[in-house]
2 protein chains.
Amino acid sequence: MKKKITLKTIAKELDVSVSTVSKALKNSSEISLDTREKIQAFAQLYNYRPNNIAISLKNRRTKNIGVIIPDIVHHFFTTVFRGIENYANAKGYNVIVCISDESFDKEVINMELLANGSIDGYIMSLAAETQKKGDYSHLISVVDQGIPLVLFDRVTDQIQCDKITINDEEAGYLATKKLIEGGSKHIALVMNENYLNVDAQRAHGYYRALQEAGLKVDDSMILRLPYQFEEEDKSVQFFKHIVIDGLVSVNEVFAIRCMKQLQQLGKKIPEDVAIIGFTNGILSQMANPSLTSVMQHGQRMGEKAAELLIDRVEGQLEDKQMPFRSAVIQAGILERDSTR
Amino acid sequence: MKKKITLKTIAKELDVSVSTVSKALKNSSEISLDTREKIQAFAQLYNYRPNNIAISLKNRRTKNIGVIIPDIVHHFFTTVFRGIENYANAKGYNVIVCISDESFDKEVINMELLANGSIDGYIMSLAAETQKKGDYSHLISVVDQGIPLVLFDRVTDQIQCDKITINDEEAGYLATKKLIEGGSKHIALVMNENYLNVDAQRAHGYYRALQEAGLKVDDSMILRLPYQFEEEDKSVQFFKHIVIDGLVSVNEVFAIRCMKQLQQLGKKIPEDVAIIGFTNGILSQMANPSLTSVMQHGQRMGEKAAELLIDRVEGQLEDKQMPFRSAVIQAGILERDSTR
DNA sequence: TATTAACACGAAACCGTTTTCGTAATCCTA
DNA sequence: TAGGATTACGAAAACGGTTTCGTGTTAATA
């Protein structure tokens with residue numbers, strides 16, 4: 001087992017000072033070519049790599065970014081994460097991930113865990129519980145300390161920071177309009193039983209489209225589901241009692257779950273009921289019939305989030321004053337076989 | 001914006017030495033009760049938190065673990081990751097994730113990125129390209145340096161380290177046997193076109209089950225697919241030319257893809273063709289009919305991997321000599337509606 | 001030949017902790 | 001009251017780098 005090699009080791013071995021070694025390895029012209037070559041050769045031979053931690057301490061920055069997301073087993077977050085990782089790695093940053101599991105407490109603990117110098121900034125999407133509770137003190141504290149923070153998808157007005165979302169209201173509107181254009185008149189909306197700002201936005205769009213088309217807006221057409229699948233699902237009762245010919249879902253999981261139940265009730269998709277979901281994941285692709293869905297461009301969102309964060313982190317180094325930015329990614333509809 | 005507060009700040013403010021502050025905050029009896037209380041109160045008031053980086057440098061350990069996986073948009077890896085994160089966080093460790101994207105070069109770069117003190121150890125699953133290439137020098141180098149390494153799922157005999165897998169051969173055997181017991185006689189096997197040790201193991205099990213049942217083993221019954229979906233899929237031709245009544249797939253994505261194509265050819269599942277897949281993900285649950293599958297217990301695997309790694313990291317601190325361990329998680333079959 | 005400039009390198013401070021060791025001041029004991 | 005023991009704290013080294021500022025030696029200039 002090889003021992004770790006440090007500047008000190010090299011210095012001792014070559015009988016020069018630590019500073020000389022450091023400079024030589026940076027190819028500083030302050031050091032004679034002879035010495036430089038000798039030191040570099042030695043370092044190469046023993047495969048010297050500077051200790052990141054020491055450099056972090058010295059520079060007061062880690063080149064790590066912290067990502068806190070509600071869930072990882074979820075196609076949308078997974079694609080966002082891939083985007084973040086992509087961009088960050090290209091810029092020489094590492095990504096530390098924590099999962100809040102939709103829990104407020106876990107979110108707070110995770111932020112604490114990363115707070116003390118482990119990272120240069122956060123990228124987050126709020127836990128459902130946090131949004132419900134409306135308690136953002138942990139975020140405020142971070143922002144107060146001047147630690148860069150980027151919020152994506154599940155954002156809040158309560159915090160002043162960089163944000164990145166899709167145009168949820170409009171996407172909800174367009175999705176609903178798509179069904180209306182296909183001839184649907186009784187359109188259900190399926191959303192999370194927990195309050196989420198994105199769901200609320202999408203619901204606005206849904207309402208707007210209905211009103212514009214002169215269709216009746218009726219709260220009994222709204223189905224709220226838990227994210228975890230339960231056997232005696234509320235949706236079973238819902239579909240038995242409510243007659244619909246269209247369905248908008250705020251995510252693909254609910255859409256597919258509902259599609260299956262409608263099929264079991266003998267409905268044909270899209271002939272009897274047209275369905276459109278959010279999140280264009282593997283589930284949407286593989287469903288039978290495949291699901292028309294709103295593309296959220298998760299990867300692009302992740303890349304943009306990382307870009308905003310790293311911009312700010314590096315801006316801070318030069319004492320640059322930057323206003324907070326809000327980027328909006330335009331969602332698009334990918335038409336497949338579940339709509340007409 | 002609040003300035004960062006350090007031991008030095010406190011020391012200066014309270015007119016004591018840094019060492020006194022440090023000890024007082026650890027409640028050392030070396031410091032008088034009076035002074036201790038004063039310092040603790042001050043620290044509390046200004047919300048002092050020790051700098052993790054400085055502690056890492058001092059302790060020569062980071063409490064970070066590096067995870068390198070081929071893909072994150074993949075249910076199995078995602079659940080393993082959740083298990084790792086779970087266990088690690090509970091032990092006070094952070095998780096840094098890198099994605100190799102099945103590429104050898106990226107794997108090497110990612111390892112390098114984390115190599116120099118950023119983490120206390122690695123948890124990895126090999127990229128397809130790495131397994132194909134058979135070049136493990138980057139892993140050898142890590143092991144040589146005495147950095148703990150745990151390999152999961154996609155492992156190799158070439159490296160001496162802790163490993164964790166499922167009983168792939170047997171799972172392949174049982175899956176195939178399940179179809180045979182359901183009456184299937186012409187069973188296809190679908191696997192990745194890239195070489196993966198897990199696929200090879202599962203294929204062994206498949207062969208063994210066929211032989212045991214006296215069924216013909218025929219390489220034309222093996223379909224190799226790219227992980228990325230392509231429109232003019234090889235499988236189309238395959239299913240047109242080969243008559244089958246059973247299908248074993250090494251993952252759920254291939255299984256669902258094939259199921260859909262068979263359905264389009266007018267086959268009934270499971271009456272005409274029974275299907276069983278690996279990876280019990282959301283896709284399997286939501287498919288129509290739902291997919292019988294081999295549960296890989298990804299989360300448990302992740303937890304176990306983290307346990308092995310942290311054990312070794314902390315064992316190293318006490319100079320404990322530990323033999324390398326290989327844990328095997330028993331896979332199980334979850335029967336749903338795609339088999340008879 | 002005296003003065004200065006250029007060159008090549010080292011000492012030391014610094015980043016924020018922890019920890020060992022030393023030492024004044026007080027206390028107890030014989 | 002001299003002696004050792006105890007208490008309460010500080011100085012300094014260490015972790016592994018970077019960087020500023022000297023400084024001794026040689027080379028160039030007047």
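Letters A, B, ... mirror the listed sequences (proteins, then strands); counts begin at 1.
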Test side chain to side chain contact (heavy atoms under 4.5 Å, CB included) applied to B/L25 - qualifying residues, sequence neighbours left out: B/L7, B/V21, B/I39, B/Q40, B/A43, B/Y48
With sequence neighbours excluded, residues passing ring pair (Phe, Tyr, Trp, His ring centres under 6.0 Å) with B/Y46: B/F42
For DNA chain C, the residues among residues 41-59 of chain A that have a non-hydrogen atom under 4.0 Å from it: A/L57, A/K58
Touch class at under 4.0 angstrom, heavy-atom based, for A/K26 against every strand present: sugar-phosphate
Test: A/E314 and A/R61 ion pair at under 4.0 Å: yes
B/R60: side chain to side chain contact (heavy atoms under 4.5 Å, CB included) partners, not counting sequence neighbours: none
Partners passing side chain to side chain contact (heavy atoms under 4.5 Å, CB included) against B/S19 (at least two apart in sequence or in another chain): B/S17, B/K23
5' to 3' contact window, DNA chain D with chain A (heavy-atom distance under 4.0 Å): D/dC15 to D/dC21
Contact nearer the 5' end of DNA chain D, comparing B/S32 with A/S22: B/S32
Check ion pair A/E307-A/K304 (N to O, under 4.0 angstrom): yes
Backbone of A/F152 reached by a side-chain donor or acceptor of A/S125 within 3.5 Å: yes
Donor + acceptor pair across side chains of B/N110, A/N89 (<3.5 Å): yes
Sugar-phosphate, base or nothing in reach of B/K8, heavy atoms under 4.0 Å: sugar-phosphate
Partner residues of B/Q299 under the side chain to side chain contact (heavy atoms under 4.5 Å, CB included) criterion, sequence neighbours left out: B/R82, B/N86, B/E303
Angle of first-five versus last-five pair axes in the helix from C/dT1-D/dA30 to C/dC27-D/dG4, to 10 degrees: 80°
Heavy-atom side-chain contact between B/I140 and B/I159 under 4.5 Å: yes
A/V142, A/L151, A/V150, A/L309 screened by side-chain contact (heavy atoms from CB on, under 4.5 Å) with A/Y122, the one that passes: A/V142
Pairing residues for A/E37 by the salt bridge (Lys or Arg N to Asp or Glu O under 4.0 Å) criterion, not counting sequence neighbours: none
Listed once per pair and sorted, the side chain to side chain donor-acceptor pair (under 3.5 Å) pairs that draw on residues 98-108 of chain A, sequence neighbours left out: A/D101-A/K106, A/E102-A/R154, A/E107-A/T130, A/E107-A/H138
Validation row: A/L114, A/I96 side chains within 4.5 angstrom (heavy atoms): yes
Sorted by number, the residues of residues 11-21 of chain A with heavy-atom contact under 4.0 Å to DNA chain C: A/V16, A/S17, A/S19, A/T20
Chain A footprint on DNA chain C, 5' to 3' - any atom under 4.0 Å from a heavy atom: C/dA8 to C/dG16
Intermediate values then yes/no, side chain to side chain donor-acceptor pair (under 3.5 Å), B/D135 and B/S137: CA-CA 6 Å; B/D135 181 350; B/S137 43; 2.7 Å; yes
